[in-house]
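One structure is given below, encoded as structure tokens.
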Amino acid sequence: DEAPLQFGDFKPLLQCKNIRYFHLAHPCGVALTVDEVAQLLDAWPRIKSLALQYASYNMDARGTVHGIKWTPPTLPLSVLDVVAEKAPKVKDLSLIIDATAPLSGPMSKPGQHQFECLEQLAVSLSTVSQSVAVAGYLAQRSRKRFSLKFELPQNIQGSARTRLGEEKNRWNQIAENLGLLYDQKERIEEEFTLRMREERARHMQELREVMGSSLPLSQDK
């Protein structure tokens with residue numbers, strides 16, 4: 001088949017309510033909309049690992065290996081807000097996304113929902129622009145530091161390989177920016193925790209001093 005997998009190709013699996021690990025790969029990729037991803041997550045409330053990606057190889061009936069047939073993705077970056085809302089405890093996530101749209105309005109602001117347990121986000125063969133803005137967006141969507149991964153398979157066909165080499169460089173820059181943002185966030189949290197401890201210690205000392213100064217008066221009575 002020369003077309004990406006569609007939602008209808010595996011929709012019957014939504015009847016399996018206890019799915020925790022779902023990895024789907026196809027040489028032409030997997031084409032879903034944000035609403036269809038939401039339907040998947042509504043059907044699989046216990047999901048821990050979700051991968052919708054390209055197959056690492058494409059072998060025909062004769063055993064001949066063909067390259068991946070890559071086309072620019074259409075699933076927007078905002079899908080991560082849906083995943084964070086419906087599957088906040090997901091640990092591993094692999095999606096082919098289009099992060100080239102301008103980040104403005106609600107998308108640029110912290111979401112109401114955040115990933116709680118995310119360990120790795122794989123964005124292999126995804127497209128992106130505005131590295132700094134996208135890094136900020138990602139940092140706002142997860143409570144803890146996570147790994148951002150982009151791999152470029154060897155069997156990408158034609159001119160797509162050059163394009164995806166450029167995309168990989170941009171995603172690597174985002175990963176670096178993301179690390180810096182989490183470094184900053186952790187420093188701020190550590191400084192805040194330290195100030196709170198110092199403030200608590202100061203209040204406790206003042207309380208002891210007040211109690212100590214009032215004790216003789218109570219004894220005189």
Donor-acceptor pairs are to be reported for all side-chain atoms of residues 12-23 against protein atoms at under 3.5 Å, with residues two or more places apart or in another chain.
residue: Lys17; atom: NZ; partner: Leu14; partner atom: O; Å: 3.3
residue: His23; atom: NE2; partner: Ser49; partner atom: OG; Å: 2.8

_Pairing donors with acceptors under 3.5 angstrom, does anything connect the side chains of Asp81 and Tyr137?_
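Present: a donor and an acceptor within the cut-off.
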
*Do we see a donor-acceptor contact under 3.5 Å between the side chains of Gln173 and Asn169?*
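No, no side-chain donor-acceptor contact under 3.5 Å.
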
_Candidate pair Leu93 and Leu118, rule side-chain contact (heavy atoms from CB on, under 4.5 Å), full reasoning_ = CA-CA 8 Å; Leu93 186 61; Leu118 187 63; 4.2 Å; yes

*Closest non-hydrogen atom pair between Asp9 and Pro4, with its separation*: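 Looking at all heavy atoms of both residues, the shortest contact is OD2-O, 4.5 Å.
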
*asked:* Looking at every non-hydrogen atom in both residues, tell me the closest pair between Ala135 and Leu178 and how far apart they are.
replied: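 Residues Ala135 and Leu178, closest heavy atoms: O-CD1, 3.5 Å.
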
Distance-only donor-acceptor hits, side chain of residues 28-38, under 3.5 Å, sequence neighbours excluded:
residue: Thr33; atom: OG1; partner: Glu36; partner atom: N; Å: 3.2
residue: Glu36; atom: OE1; partner: Thr33; partner atom: N; Å: 3.0

_Test: ring pair (Phe, Tyr, Trp, His ring centres under 6.0 Å). Region: residues 79-100. Which pairs qualify, not counting sequence neighbours?_
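Qualifying pairs, neighbours excluded: none.
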
*Is Arg195 salt-bridged to Glu199, cutoff N-O under 4.0 Å?*
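Result for this pair is no, no salt bridge flagged.
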
[X]: salt bridge (Lys or Arg N to Asp or Glu O under 4.0 Å) partners, not counting sequence neighbours:
| X | value |
| --- | --- |
| Lys48 | none |
| Lys168 | none |
| Glu119 | none |
| Glu116 | Lys89 |

*Are any side-chain N or O atoms of Ser124 and backbone N or O atoms of Glu151, one a donor and one an acceptor, separated by less than 3.5 Å?*
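Present.
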
*Stepwise side-chain contact (heavy atoms from CB on, under 4.5 Å) check, Val128 with Val123*: CA-CA 10 Å; Val128 69; Val123 292; over 6 Å; no

*Joint hydrophobic cluster, Leu181 plus Leu138, side-chain heavy atoms closer than 4.5 Å*: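 Cluster IDs for Leu181 and Leu138 differ.
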
*asked:* Please enumerate all residues that pass side-chain hydrogen bond (donor to acceptor under 3.5 Å, both in side chains) together with Asp98, with sequence neighbours excluded.
replied: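 Testing Asp98 for side-chain hydrogen bond (donor to acceptor under 3.5 Å, both in side chains), a comparison that skips the adjacent residues, returns Thr100, Thr127.
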
_Evaluate Ile174 against Phe150 for side-chain contact (heavy atoms from CB on, under 4.5 Å), listing each step before the verdict._
CA-CA 11 Å; Ile174 290 171; Phe150 184 106; over 6 Å; no

*Please check if atom NZ in Lys185 has more than 12 non-hydrogen atoms from other residues, nucleotides or ligands closer than 6.0 Å.*
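Counting other residues, nucleotides and ligands, NZ of Lys185 exceeds 12 neighbours.
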
Residues two or more places apart in sequence or in another chain: which of them pass side chain to side chain contact (heavy atoms under 4.5 Å, CB included) with [X]?
| X | result |
| --- | --- |
| Arg200 | Met204 |
| Arg197 | Thr193 |
| Glu85 | His113 |
| Ile156 | Ile68, Leu125, Leu152, Pro153, Ala160, Arg161, Leu164 |

*For Arg141 and Val83, what are the C-alpha separation, side-chain angles and deciding distance, and is it a side-chain contact (heavy atoms from CB on, under 4.5 Å)?*
CA-CA 10 Å; Arg141 267 65 187 180; Val83 182; over 6 Å; no

